[in-house]
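Reading through the structure tokens given below for one structure.
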Amino acid sequence: MAPACSPTNSLHVAVIGAGAAGLAAARELRRESHSVIIFERGTQVGGLWVYTPQTEPDPLSLDPNRTVVHSSVYDSLRTNLPRECMGYRDFPFVPRNDDASRDPRRYPSHREVLAYLQDFAREFNLEEMVRFETEVVCVEPEGQKWKIRSKSSDGIFKDEIFDSVVVCNGHYTEPRVAHVPGIDSWPGKQIHSHNYRVPYPFKDQVVVVIGNFASGSDISRDITGVAKEVHIASRSNPSETYQKLPGSNNLWLHSMIESARKDGSIIFKNGKVVQANTIVHCTGYKYHFPFLNTNGYITVDDNCVGPLYKHVFPPALAPTLSFIGLPWMTLQFFMFELQSKWVAAVLSGRVTLPSSDRMMEDVTAFYAKRDANKLPKRYTHKLGECQVDYLDWIAEQVGAPPVEHWRAEEVHGGYRRLATQSDTFRDKWDDDHLILEAYEDFLRQKLI
């Protein structure tokens, strides 16, 4: 269904999205002498890191005809990982001491991340490849190539042919919402974290937050400053869980919700009952590619995008269709960079892929291992503790160095602190020796 590439090809490549993944892809593709056009529906680079106070008219974002807001960033958001380990390898994410407006903290705000991405785009002249305010509405095979239909901000459609398409549209726009028995008759308000920006609308309310990972933990603590009570419902906790959390006098952790009732009450599996005003769903997002037409070959089933070889190449459509940035709980920009190097090198013919059949065998074996470990299908792209092995494997394919010791240790320690000290992990840590090792590495390579 897709053509193979002859060695040393210079291809005409479309990149969908000018966020952190799309910028990395464009840079690496150009380094391999491909011609690149980045399609970006927004007015600037940065993708999900571009903050807007605007939210969607449907607070749960379930209406398919709603006006979509593509940012999910809330005003108080800071990174979940230390800045030095999440940046691109040869463009370190270090404080800019020459600019007083920048955020020097180790876990900086979303504004600092956006400024870093803008610095990256400026340093490598990436914006000259971007078509801003241009939405991709259809991607489909056209003979041995790919046809892209795009729509400009003035409503003009345009069809173009590309040798290859790299999908970098992110996965933080289409919310997943928890199933709560009885919710249809519950009289309170519901909102997904996608539409959360600031805590003030929750003043004096009793709020139930579903989900206790990064955004759930952040938003619940953000709200405690104005709300009467905040109750976190977490499905990962035993059913008897009931705990007042440190750092606040109005924040409680529960097991998952048993049911919602029409009298306004929420019953938790631990037996506790609260009269709540609002439920905030911090329940993650769905992978969503509404523009992609592969005649049913690529599917999204319970948040498993497949079939994909190593989360990047669909075997029957490789190498001219690829995806950057699908895995989560990763080193983020660093991963985008390595995946992009792999895609760019494969397209130029410098690196070869296994046959379509061999790639499909690998995908099947990966799914079998996932199922044998009793992992839900929705965790297919969760790397977690496996990420260093995954990144080292890609690095080996392209002849890049493996993940540095300090970087691997920082990400492991960062996620450990996130899980065990969610109220303080961004400002208290015990790995200053790894910071020193990172900066010595940057200096040795003359990157700073």
The test is ring-ring contact (aromatic ring centres under 6.0 Å, His included); show your working for Y285 and H171 and say whether it passes. CA-CA 7 Å; Y285 295 84; H171 45 91; 8.4 Å; no

[Y] six-ring centre to [X] NZ/CZ under 6.0 Å and within 45° of normal:
{"X": "K272", "Y": "F268", "value": "no"}
{"X": "R111", "Y": "Y51", "value": "yes"}
{"X": "R197", "Y": "Y74", "value": "no"}

Is it the case that more than 12 heavy atoms not belonging to [X] sit under 6.0 Å from its [atom1] atom?
{"X": "E396", "atom1": "CD", "value": "no"}
{"X": "E385", "atom1": "CD", "value": "no"}
{"X": "K310", "atom1": "NZ", "value": "yes"}
{"X": "R358", "atom1": "CZ", "value": "no"}

Any carboxylate oxygen within less than 4.0 angstrom of a Lys/Arg side-chain nitrogen, looking at [X] and [Y]?
{"X": "R102", "Y": "E112", "value": "yes"}
{"X": "R66", "Y": "E174", "value": "yes"}
{"X": "D90", "Y": "R27", "value": "yes"}
{"X": "R407", "Y": "E410", "value": "no"}
{"X": "R444", "Y": "D441", "value": "yes"}
{"X": "R416", "Y": "D431", "value": "no"}
{"X": "R78", "Y": "D103", "value": "no"}
{"X": "E32", "Y": "R350", "value": "yes"}

Going from [atom1] on [X] to [atom2] on [Y], what distance comes out if it is rounded to the nearest 0.5 angstrom?
{"X": "L253", "Y": "L251", "atom1": "CG", "atom2": "CG", "result": "8.0 Å"}
{"X": "K189", "Y": "T278", "atom1": "NZ", "atom2": "OG1", "result": "6.0 Å"}
{"X": "K341", "Y": "E337", "atom1": "NZ", "atom2": "CD", "result": "5.0 Å"}
{"X": "Q445", "Y": "E440", "atom1": "CD", "atom2": "CD", "result": "12.5 Å"}
{"X": "T67", "Y": "D58", "atom1": "OG1", "atom2": "CG", "result": "10.5 Å"}
{"X": "H192", "Y": "E56", "atom1": "NE2", "atom2": "CD", "result": "10.5 Å"}

Check: [X] side chain, [Y] main-chain N or O, donor-acceptor pair, under 3.5 Å:
{"X": "S340", "Y": "A25", "answer": "yes"}
{"X": "N125", "Y": "E127", "answer": "no"}
{"X": "T424", "Y": "K428", "answer": "no"}
{"X": "S220", "Y": "G216", "answer": "yes"}
{"X": "H281", "Y": "A178", "answer": "yes"}
{"X": "T134", "Y": "F132", "answer": "yes"}
{"X": "S259", "Y": "G182", "answer": "no"}
{"X": "E84", "Y": "A438", "answer": "no"}
{"X": "R83", "Y": "R105", "answer": "yes"}
{"X": "S72", "Y": "H194", "answer": "no"}

In this structure, is the centre-to-centre distance between the rings of [Y] and [X] below 6.0 Å?
{"X": "F313", "Y": "F323", "answer": "no"}
{"X": "F91", "Y": "F333", "answer": "no"}
{"X": "H311", "Y": "Y390", "answer": "yes"}
{"X": "Y107", "Y": "F425", "answer": "yes"}
{"X": "H254", "Y": "Y242", "answer": "yes"}
{"X": "W49", "Y": "Y116", "answer": "no"}

Would you say [X] and [Y] make side-chain contact, with heavy atoms under 4.5 Å?
{"X": "W328", "Y": "H381", "value": "yes"}
{"X": "Q205", "Y": "I223", "value": "no"}
{"X": "P82", "Y": "R417", "value": "yes"}
{"X": "S109", "Y": "L77", "value": "no"}
{"X": "M129", "Y": "I37", "value": "no"}
{"X": "I16", "Y": "F291", "value": "yes"}
{"X": "T79", "Y": "V113", "value": "yes"}
{"X": "I183", "Y": "I279", "value": "yes"}

| query | Given Q118 and Q44, is the side chain to side chain donor-acceptor pair (under 3.5 Å) satisfied, shown in steps? | reply | CA-CA 9 Å; Q118 292 169 336; Q44 60 180 306; 3.2 Å; yes

Work out which heavy atom in [X] is nearest to a heavy atom in [Y]; give both atom names and the distance.
{"X": "L383", "Y": "M329", "result": "CB-O, 4.1 Å"}
{"X": "Y297", "Y": "A316", "result": "OH-N, 3.0 Å"}
{"X": "V139", "Y": "V136", "result": "CG2-CG1, 3.6 Å"}
{"X": "A24", "Y": "F120", "result": "N-CE2, 4.2 Å"}
{"X": "V13", "Y": "L29", "result": "CG1-CD1, 3.8 Å"}
{"X": "L11", "Y": "L347", "result": "CD1-O, 3.8 Å"}

task: Give the ring-plane orientation class for W252 versus H231, where under 30° counts as parallel, over 60° as perpendicular and anything between as tilted.
output: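 The arrangement is parallel - the two ring planes meet at less than 30°.
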
Q.
For Y439 and F442, take the angle between the two ring planes, folded into 0 to 90°, and tell me which bin it lands in: parallel under 30, tilted 30 to 60, perpendicular over 60.
A.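 Perpendicular, since the angle between the ring planes exceeds 60°.
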
Can you confirm whether the side chains of [X] and [Y] place a donor and an acceptor under 3.5 Å from each other?
{"X": "D357", "Y": "S355", "result": "no"}
{"X": "W146", "Y": "S164", "result": "no"}
{"X": "S61", "Y": "N195", "result": "yes"}

Next item on the list: Just grab all the salt bridge (charged side-chain N to carboxylate O under 4.0 Å, His left out) pairs involving residues 285-304, residues at least two apart or on different chains.
Entry: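 Found R176-D302, D301-K377.
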
Practice problem: Test F202 against every option in T224, I219, D222, I191 by the side chain to side chain contact (heavy atoms under 4.5 Å, CB included) rule and name the one that passes. | Solution: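 Answer after filtering T224, I219, D222, I191: I191.
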
Checklist entry - Hey, mind stepping through R370 and T380 against side chain to side chain donor-acceptor pair (under 3.5 Å) and telling me if it holds? => result CA-CA 7 Å; R370 176 200 67 196; T380 297; 2.7 Å; yes

